[in-house]
Structures are given as structure tokens and as C-alpha cells.
*Asks:* 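Next up is a structure, given as C-alpha cells.
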Protein chains: 2
Amino acid sequence: MQSLRRIVKALHDYSMRVEKQCGLTGPQLWALWELNRAGTLSLKALSKQMHLEPSTVTGVVERLHKRGLLTREPDPADRRRVMLSLTAEGSQLLKGAPHPAQGQLLYALHGMDLDSVASLNQSLKRLASDMEVDATDARFFFAEG
Amino acid sequence: MQSLRRIVKALHDYSMRVEKQCGLTGPQLWALWELNRAGTLSLKALSKQMHLEPSTVTGVVERLHKRGLLTREPDPADRRRVMLSLTAEGSQLLKGAPHPAQGQLLYALHGMDLDSVASLNQSLKRLASDMEVDATDARFFFAEG
DNA sequence: TGCAAACTATTTGAATGCAAATTAATAACT
DNA sequence: AGTTATTAATTTGCATTCAAATAGTTTGCA
């Protein structure tokens, strides 16, 4: 638990450093990054890529739009949808920016040998999968209270 | 990275479940928990225990105080300090509440053998430690951009 | 066709979290 | 003693995040 908190904190600190570097917060950079990868995404699709709620992404996108880093065009085929794309300025900014958050991980993983990284990856995937199991049996949660 | 996001998300979902159960958010429960462990803490000390900024803890404590779950007494020895303690009500509420977030981890770790848990713990500690290294050498961060 | 159901995006309200600035109290140093 | 520096807590302003409610659009079914 302590290690996880420290990792999350370190990721946040990295995000702050990125913000100082290129003027974007972590989620903002992340959103631009996903748009650059995909070319064009609906808000829903972007929120899915980022594993965030649409209502959250609306705000992030709004701030990026206000700065002219992306365009918001209604989809002619489905007028509920808002298609998001990078502007030239957004694309340009992205060229000078680091990977979102992943840079910090890469840096940290530099100091670990390949076997450790592979093992960690397996363990984390297993843990993540286990934690997503719906906890209908509450005994485990309260047994140690 | 994906695994970490999923773990953080799962922890947040657990926090929501806890909130539905006992009417407290994760940080609120966590604060009460730390107070119960320590008996009495200054706001500064509590923020240190939780690895959060004092300005953040001020808000959390205020909400708990508003509900009568803790007391805020000025320290006679140093009147800058505000000493925090659980009320009887807060103590009572804590008895029926799960461990903050750790319950979710315990549940997940149930499904892993001891060696895997030990190995994961080592890897996470190592990773957390590596990520806290001050990144004066920015090459790692931008090499892959 | 027409109505209900489902979907997309946004709005609203609340909590968390930080940094920076403020206020108040203590410590330190001249 | 008096001025300065440090420390504790709060306030303010902003970004992120979610859930729930809403408006507009599309789909599906009768």
C-alpha cells in the first residue's frame, strides 16, 4: 500500500514537472497524446482510451480547445458525436513534449534488470485483475477491522 | 502503466464502495484511522502520516469536524498547533468501518501465493524508490518523445 | 409513423489535491 | 528587548475526478 501511494505520488510529481516544461497538465498532455495516436476521436472514444468518465474528459478537452490545441467538429453522420482532432499548434506542441507519465516509469525501470521488469509486469497485471473482481463477498473487506 | 492505472481505479472504486457503506470518503476514513492509531495528532502530523499537503488535510478535517467525528483543540503549549482527536461518535463509527483501502489490497492478495506477494512487494518498493529519484538528467524523459 | 429505449455530450454539485499567499505564533539572532 | 526568520494552519484559485441529472440524437420496435 505504501509503495503504491509513493508511486502515485511520484507520477503526480512528474506530471507537475511536465506542466512546468510544456504548460500542460498530465491529463491534458495525455489527451493530446491519444488524439495524436488516433488522428480523430469522439469524446466518448477518447474517454474510453483514457479510462475516464466522459464528464471528466469534457472539462479537459474544453481547456485544450480554449487554447486552440484541438478542434471540436460535430460528426455529420451522428450529430450527437463531437469529433476531436489536433490543430497544427497542438501537434507542434506535442513534438516538444515528453510521453505522458510513461517517461517517469521508463526512467525508473532503467534501473531494473529485464527479469525484474517482466516479473513486476506480471504481478501488477495479476493484481489489477484480482482487484477488479466484483467484491460480492464482503467478508474479506471487514475481516481485519 | 496500464496495470497501475487499473489498480488506482480499483482502489478508487473500493473507496466509493466504502463511502456507500459507512458514509465516509476514502481520505476521510483514512484520516480517522490515523487519528485512532495515534490518539491525538496535530494537523501537520496528520498530513505527514497521510503524505498529503496540510492545505489538503484542512479540508478533509473540516468535513469530519462538521459531522462531529473529531475535535479541534488548540495546543496550549504551542497555540499555532491544532490538536485533533476522535470524538466518541467518530470512534464508534470507525469500529464498523473497513480498513482504508488496504482491505481491497488484502482481498486481492488473497489469490496470490506468498512468494508472489513478497516479490511484488520488493519490486514495488524498488520502483517507488527509483521513481522518487530527482530527475536532474532529463534525457530519460525525452529520449523517446 | 410514432413512441420508447439507448446513446453522446454537457451541466451541476461535491470531494480531493496542489501551489501560493496570508495570518498567527514561535524561535533565533543581533 | 526587538527584529528577523521559521513554522502551523488556513485561505484562495485552479485542475482533476466522479455521479447524477439533463438535452439532443439515434435506434429499435410496435
Side-chain angles (χ1 to χ4, degrees), chain A residues 5 8-20 22-32 40-67 69-84 100-101, chain B residues 5 8-20 22-32 40-67 70 72-84 100-101:
Chain A
R5 281 195 198 116
V8 169
K9 180 72 155 47
L11 286 173
H12 184 267
D13 290 350
Y14 173 69
S15 170
M16 291 295 104
R17 213 151 45 224
V18 168
E19 186 170 359
K20 292 253 161 70
C22 65
L24 292 174
T25 64
Q28 288 170 4
L29 179 59
W30 185 9
L32 290 187
T40 297
L41 286 172
S42 70
L43 188 137
K44 173 79 172 215
L46 177 58
S47 77
K48 198 156 198 169
Q49 282 295 317
M50 299 175 69
H51 297 91
L52 295 174
E53 296 301 317
S55 59
T56 300
V57 178
T58 294
V60 175
V61 164
E62 191 185 349
R63 274 159 231 127
L64 293 171
H65 184 245
K66 212 178 279 182
R67 292 176 52 177
L69 300 177
L70 53 76
T71 58
R72 293 164 61 167
E73 302 271 341
D75 183 353
D78 185 342
R79 298 210 309 283
R80 291 173 301 184
R81 250 178 258 178
V82 175
M83 302 309 285
L84 308 169
Chain B
R5 283 196 196 115
V8 170
K9 179 71 157 47
L11 286 172
H12 183 266
D13 291 350
Y14 173 69
S15 171
M16 291 296 103
R17 212 149 48 221
V18 167
E19 186 169 358
K20 292 255 162 68
C22 65
L24 291 175
T25 65
Q28 287 171 5
L29 178 60
W30 186 9
L32 290 186
T40 296
L41 287 172
S42 69
L43 187 137
K44 173 79 172 215
L46 177 57
S47 76
K48 197 156 197 168
Q49 283 293 320
M50 298 175 71
H51 297 92
L52 296 174
E53 295 301 316
S55 59
T56 299
V57 178
T58 294
V60 175
V61 164
E62 190 184 349
R63 274 158 232 130
L64 293 171
H65 184 245
K66 211 176 280 180
R67 293 175 53 177
L70 54 77
R72 293 163 61 166
E73 303 271 340
D75 182 354
D78 183 341
R79 298 209 309 284
R80 292 173 300 182
R81 248 177 266 181
V82 176
M83 302 310 285
L84 307 168

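Letters go in sequence order (proteins before strands), and every chain restarts at 1.
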*Asks:* Is any side-chain heavy atom of Arg67(A) less than 4.5 Å from a side-chain heavy atom of Leu24(A)?
*Replies:*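 Yes - at least one pair of side-chain heavy atoms lies under 4.5 Å apart.
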*Asks:* Kindly point out which of dC18(D), dA25(C), dT16(D) is positioned nearest to the side chain of Glu53(A)?
*Replies:*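 Closest nucleotide to the Glu53(A) side chain: dC18(D).
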*Asks:* Taking only the side-chain nitrogens and oxygens of Thr25(B), find out if one of them lies under 4.0 Å from OP1 or OP2 of dA15(C).
*Replies:*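 No, outside the criterion.
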*Asks:* To the closest 0.5 Å, what do you measure between NZ (Lys66(B)) and CG (Leu64(B))?
*Replies:*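 It is 11.0 Å, given to the nearest 0.5 Å.
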*Asks:* Kindly compute the distance separating OG1 (Thr40(A)) from CG (Leu84(A)), expressed to the nearest 0.5 Å.
*Replies:*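 One gets 8.5 Å once the value is rounded to the nearest 0.5 Å.
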*Asks:* Within the pair Thr58(A) and dT10(C), is there a side-chain N or O less than 4.0 Å away from OP1 or OP2?
*Replies:*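 For Thr58(A), the contact criterion (side-chain N or O under 4.0 Å from OP1 or OP2 of dT10(C)) is met.
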*Asks:* Suppose we screen for side-chain contact (heavy atoms from CB on, under 4.5 Å). Which residues come up paired with Leu52(A), at least two apart in sequence or across chains?
*Replies:*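 Residues passing side-chain contact (heavy atoms from CB on, under 4.5 Å) with Leu52(A): Met50(A), Thr56(A), Val57(A).
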*Asks:* I'd like to compare against my own output: the B/S/- annotation of nucleotides 1-7 of chain C with a strict under-4.0 Å heavy-atom distance to protein.
*Replies:* ------B
*Asks:* Can you tell me how far C1' of dC14(D) sits from CD of Glu62(A), to the nearest Å?
*Replies:*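 So the CD-C1' distance, Glu62(A) to dC14(D), works out to 14 Å.
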*Asks:* Checking Arg63(A) now: which residues fulfil side-chain contact (heavy atoms from CB on, under 4.5 Å) with it, not counting sequence neighbours?
*Replies:*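 Partners of Arg63(A) by the side-chain contact (heavy atoms from CB on, under 4.5 Å) criterion, ordered by chain and then number, come out as Gln28(A), Val60(A).
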*Asks:* Respond yes when some side-chain nitrogen or oxygen of Arg63(A) is under 4.0 Å from OP1 or OP2 of dT16(D), and no when none is.
*Replies:*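 Yes, Arg63(A) has a side-chain N/O under 4.0 Å of OP1/OP2 on dT16(D).
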*Asks:* Check every atom of dA9(D), dC18(C), dT10(C) against the side chain of Ser55(B) and return the nucleotide holding the closest atom.
*Replies:*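 Among dA9(D), dC18(C), dT10(C), the one nearest the side chain of Ser55(B) is dC18(C).
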*Asks:* Can you tell me if the side-chain N/O atoms of Arg72(B) get under 4.0 Å from OP1 or OP2 in dT10(D)?
*Replies:*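 Yes, within the criterion.
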*Asks:* dT10(C), dT17(D), dA25(C): which one has an atom nearest the side-chain heavy atoms of Asp78(B)?
*Replies:*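 So the side chain of Asp78(B) is nearest to dA25(C).
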*Asks:* Measure from NZ on Lys48(A) to C1' on dA9(C) and round the result to the nearest Å.
*Replies:*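 Computing the Lys48(A):NZ to dA9(C):C1' distance gives 16 Å.
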*Asks:* Measure CG/Leu41(B) against P/dA9(D) and give the value in whole Å, please.
*Replies:*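 It works out to 10 Å between those atoms.
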*Asks:* Find the distance between CG (Leu43(B)) and CZ (Arg72(B)) and round it off to the nearest 0.5 Å.
*Replies:*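 Answer rounded to 0.5 Å: 7.5 Å.
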*Asks:* If each of Pro54(B) and Ser42(A) is mapped to the nucleotide of DNA chain C with the nearest heavy atom, which maps nearer the 5' terminus, i.e. the 5' end?
*Replies:*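 Whichever sits nearer the 5' end wins; that is Ser42(A).
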*Asks:* Quick one: salt bridge (Lys or Arg N to Asp or Glu O under 4.0 Å) partners of Arg80(A), sequence neighbours excluded?
*Replies:*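 Once residues adjacent in sequence are excluded, the partners of Arg80(A) under the salt bridge (Lys or Arg N to Asp or Glu O under 4.0 Å) criterion are Asp78(A).
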*Asks:* Calculate the interatomic distance between Leu52(B) atom CG and dA19(C) atom C1'; express it in whole Å.
*Replies:*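 After rounding, the reported distance stands at 14 Å.
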*Asks:* How many whole angstroms separate atom NE2 of His65(A) from atom P of dA9(C)?
*Replies:*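 Interatomic distance, NE2 of His65(A) to P of dA9(C): 15 Å.
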*Asks:* To the nearest Å, how far apart are Arg79(B) CZ and dT23(C) P?
*Replies:*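 The answer, rounded to whole Å, is 18 Å.
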*Asks:* Within the 4.0 Å heavy-atom criterion, would you say Gln28(A) contacts the bases, only the backbone, or no part of the nucleic acid?
*Replies:*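 Sugar-phosphate contact only.
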*Asks:* Return the set of residues passing salt bridge (Lys or Arg N to Asp or Glu O under 4.0 Å) with Asp75(B) (not counting sequence neighbours), or none when no residue passes.
*Replies:*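 Expected list: none.
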*Asks:* What protein N or O atoms touch nucleotides 2-4 of chain D N or O atoms at under 3.5 angstrom, if any, and at what distances?
*Replies:*
none

*Asks:* With rounding to the nearest 0.5 angstrom, report the OG1 to CD distance, Thr58(B) to Glu53(B).
*Replies:*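 CD of Glu53(B) is found 10.5 Å from OG1 of Thr58(B).
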